[in-house]
Structure formats: C-alpha cells, structure tokens
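Inspection log for the structure reproduced underneath, given as structure tokens.
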Number of protein chains: 2
Amino acid sequence: MKFTTRQIEIINAATEIIGLKGVQKLTTKSLAAKMNFSEPALYRHFKDKNEILRSILLYFKGNMREGLNNVISENKTGLEKIIDTISFQFNFFVKYPAVIMVIFSETSFQNDENLSITVKEIVDDKRKIVKAILLSGQKDGSIRSDLKTNQLTNIIMGSMRITVLNWRLHGFDFDLQKEGEELIKTLKIILKK
Amino acid sequence: MKFTTRQIEIINAATEIIGLKGVQKLTTKSLAAKMNFSEPALYRHFKDKNEILRSILLYFKGNMREGLNNVISENKTGLEKIIDTISFQFNFFVKYPAVIMVIFSETSFQNDENLSITVKEIVDDKRKIVKAILLSGQKDGSIRSDLKTNQLTNIIMGSMRITVLNWRLHGFDFDLQKEGEELIKTLKIILKK
DNA sequence: GCAAAGTTAGTGAATGTTTACTAATTAACA
DNA sequence: TGTTAATTAGTAAACATTCACTAACTTTGC
C-alpha cells in the first residue's frame, strides 16, 4: 500500500480523532474540519469512508512492521529480541499515543466485515512474529522451554497491551515508559531459563 | 442498580447486538427490531440510549462481581483463588460470548464522557480484586514474592483478555475452555513460589 | 516557447438515509 | 377504571455521499 502525502496527512488527522474521541466520532465532518477543508475534498483522496478506515489500519501496520523488522534483524538472543520488541512498542506509543486505539482496535473496527478481516490479519501477523522470536529464544537457550510459545505469546502481548490500554484509560496520567520498563523487568525474570 | 425483567431482556438483546456487530450497530432501530417491538417502546424502559449503554455495563459489572465474590470468599490459598477467578471468567465467557465486547470495552465505550468513567471504574474495580488476591497469596506463601503485584496483575489480566479477544476475533472457532486451561496451567507454573 | 488539453485539489449546494427521540393515541388487563 | 406497555406518525439533526463547477498547476505537440 502506497499513500500520497495528502493521504497520510488525512490518516494522521483521522487517527488523532479516533485516539482522542473514539471511532464513533470520526465523521466526514469532523475529519474535514480537522483537515481545514470541506467534506467533499475527502473524496478526492479516498473512495469512501471505509477506505479511510482501512488505510489507517494498513498505514500503521506498515509502520509497526518496519520498526519491528529492524529490531528482530539484529544479532541478539531471542530473549534480548523479545525485550527489544516490547521496548520498541512502548516507545512507539509514548511518541504516538493517538495510534493506540488503532493498533488495539479489535473491539472498535469490527462493524464492517472487511475491516475486521484486516484487523485479524494485523493481530495474527504480530502474533506470528512474537512466536517466532520466542521459539528462536528457546532454541538458543535464552528462554525457558518448559512453557508453550503460544501461552508465552499471550502473556507477553496481553500484559503489554493491558498496560498501554490502562495508560490510555487513565488519561495518560502516568509514565508509560517507566511502567514499560517495570513490565520488561518482570517478563525478563519470568522468561529467562 | 435494580432492573425490571423487561429491562434485563433489553440489556441482553443489546448485548447480543454489540457482541455480534459492534457498538456502532447498536441503534434504537436494531434494538427495537431484536425486541420485536417499536422504537418508542424502548423509552418506556429507559430514559435514553445512553442509559441503555450504561445499564449494560452496570448489569454485567454486577454479574461478574457476584461470581467473583463467590469465588474469593472460599477458604483457599491465594494461588488457588487466582486460578479459580480466571477459571470462572473463562466459563462465564463460554456461556455468554456476547458479553465479551461489553466487558472488554475500554476502546468502544469512550465516545461518551460518562460511559468511559463507568468503564474505568469497572476495570479498576477488577484490578483491585486481582491485586488483593495476589497480595494474600504472597502472604500465605502460595505465590512468589519476588515480583510486584501490579506487574503480576497486568500479566494475569492481560493474558486472559487477549486469549478471550482472540477467540472472538477468530469467530469462536477454537475451544476457549481448553485454551483457558492451558493458560491457567502456564500461569500456575509462573506464579508458584 | 507557448497555447491547448488535461489533471489535481478544492468548493457550495443538495442528496437520500439514518439516527435518537417525541407527541398523541390505543390496547390490555388487574 | 386507571395504569402499564405498546403503537403510529412524526421530527430535527447528523450522516455519508454526489453534483456541477472552479482555480491553479502540468503535460504535450507544434
């Protein structure tokens, strides 16, 4: 998926609205207002509203993946890679808090058949990456092998997600970076062989 | 919060719509249709739509809490209680899958100030319960004490949530009960002293 | 080198629908 | 007979989208 600069501007504006007020408040009106142009102008850049929503998902899927790929291509142990992966994501969310609702959107984007398929693909994709790292960690001996990778995946992804969501729920009123480090410390102890 | 039988019927119908199609598809029209009566009939039982949404949250908050209270009032170790708590919730969701979207709804109900406060209270409430059990488990020696209860809470709640959400995302196509038992087995090993 | 042709990104006005909600009325029944 | 629960028929506002049109660029062919 390639996007024009203008499309990316719109995607960012839409993401900000969703992050601040929820998907229900993302309307052609609110989006056009944030972009400082008229509603019909949106249709110069996207076929319809659903394409905007799908583009938001795909755009951040790409962003996330790029960052994760950088992390996992380094020459480190599985445990280190997992830690880096989590760390990268916490940094990402601190930097772009508006994206949280988009990335953790299983519950929000399921009103359209097409969108919920996209969401599913994104989630499965990430799960696969984490699982693969865990497996490599079990092989290189940095991660304990007495627990199934599937379960460890749930524990890692789940605890990270709930920490971030909780941050959002509490109006970003605590230091996510710090909380992230706490979680990483804990997970390290749990995962280590 | 006391509800009439008719109100509970409406709450259940609304929950089913949300569970199946998402909050955005819960409209006065769709809800009335599911209830087999006209839209204005809804207003016999609720002041407005927001009161319906709030009632859904409160109703299941009550249901959950009742079940959890039963579990934690038994005379068991902290570890056993935590396991029972998780187990209870998996059973609950298998029985009432439509409720999942309501219980794990931080992301969906935040379009209204009032509702998102209610959601926050529910989440915080549950977090407190889990944390208290963990603490008692650390005191009675059934749960390891080298990790902070806050972090353990995130790990437990997060992994449970993501397992259930994943089940939903995949159209309920695997055995959640079994997956829940797997998770419990894993968590037991991790938490044990 | 420059006019004709085409493209890009926007506008205001209007569209048909859907939304939540209300007023007035009626059927049921204890 | 009076309360409860429903109805029919409506409303204003919000919604996504289309329409006809324009101003400002860019490309192309002579």
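The chains referred to below are lettered A, B, ... by the order of the sequence lines, with proteins before strands, and numbering in each begins at 1.
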Mind grabbing the angle between the end helix axes of the helix from dG1(C)-dC30(D) to dA14(C)-dT17(D)? Five pairs an end, 10° rounding. 10°
Whether the side chain of Thr118(A) engages the backbone of Asn114(A) through a donor-acceptor N/O pair (distance < 3.5 Å, no angle test) should be reported. yes
Report the distance from atom CZ of Phe46(A) to atom P of dG10(C), rounded to the nearest whole Å. 12 Å
Does the side chain of Ile122(A) come within less than 4.5 Å of Ile103(A)'s, by heavy atoms? no
Tell me: CZ of Arg6(A) to C1' of dT7(C), nearest whole Å? 16 Å
Spacing of Lys49(B) atom NZ relative to dC21(C) atom C1', expressed in whole Å: 12 Å
Check whether any side-chain N or O of Ser142(A) sits under 3.5 Å from a backbone N or O of Leu79(A) as a donor-acceptor pair, and report yes or no. yes
In terms of relative ring orientation, are His45(A) and Phe37(A) parallel, tilted or perpendicular, with 30° and 60° separating the classes? parallel
Given Val130(A) and Arg127(A), is the side chain to side chain contact (heavy atoms under 4.5 Å, CB included) satisfied, shown in steps? CA-CA 5 Å; Val130(A) 173; Arg127(A) 184 175 282 273; 6.0 Å; no
Pro97(B) backbone acceptor or donor facing Arg168(B) side chain under 3.5 Å: no
Among residues 29-40 of chain B, which residues get a heavy atom nearer than 4.0 Å to DNA chain D? Phe37(B), Ser38(B), Pro40(B)
Has Lys34(A) got more than 12 heavy atoms of other residues, nucleotides or ligands less than 6.0 Å from its NZ? yes
Separation of dT11(C) atom P from Arg44(A) atom CZ, nearest Å, is 11 Å
Could you go through residues 56-70 of chain B and list every donor-acceptor pair under 3.5 Å that involves a side-chain atom there, pairing it with any protein atom two or more places apart or in another chain?
residue: Arg65(B); atom: NE; partner: Asp125(B); partner atom: OD2; Å: 3.1
residue: Arg65(B); atom: NH2; partner: Asp125(B); partner atom: OD1; Å: 3.2
residue: Arg65(B); atom: NH2; partner: Asp125(B); partner atom: OD2; Å: 3.1

Leu165(A) side chain near Val123(B) side chain, heavy-atom distance below 4.5 Å: no
I need the minimum non-hydrogen distance between Phe109(A) and Val119(A), along with the two atoms involved. CB-CG2, 3.7 Å
Considering only heavy atoms from C-beta outward, does the side chain of Glu179(A) approach that of Trp167(A) to under 4.5 Å? no
Would the distance check show the side chain of Thr4(B) and the main-chain N or O of Gln7(B) forming a donor-acceptor pair, the cut-off being under 3.5 Å? yes
Contact list please: residues 13-27 of chain B against DNA chain C, heavy atoms, distance less than 4.0 Å, in numerical order. Leu26(B), Thr27(B)
Could you tell me which residues satisfy salt bridge (Lys or Arg N to Asp or Glu O under 4.0 Å) with Asp146(B), sequence neighbours excluded, listed by chain and number? Arg144(B)
Whole angstrom is fine here: how far is it from OH in Tyr43(A) over to P in dT15(C)? 17 Å
Students should find this one: the first and last nucleotides of DNA chain D, 5' to 3', lying under 4.0 Å from a heavy atom of chain A. What are they? dC15(D) to dC21(D)
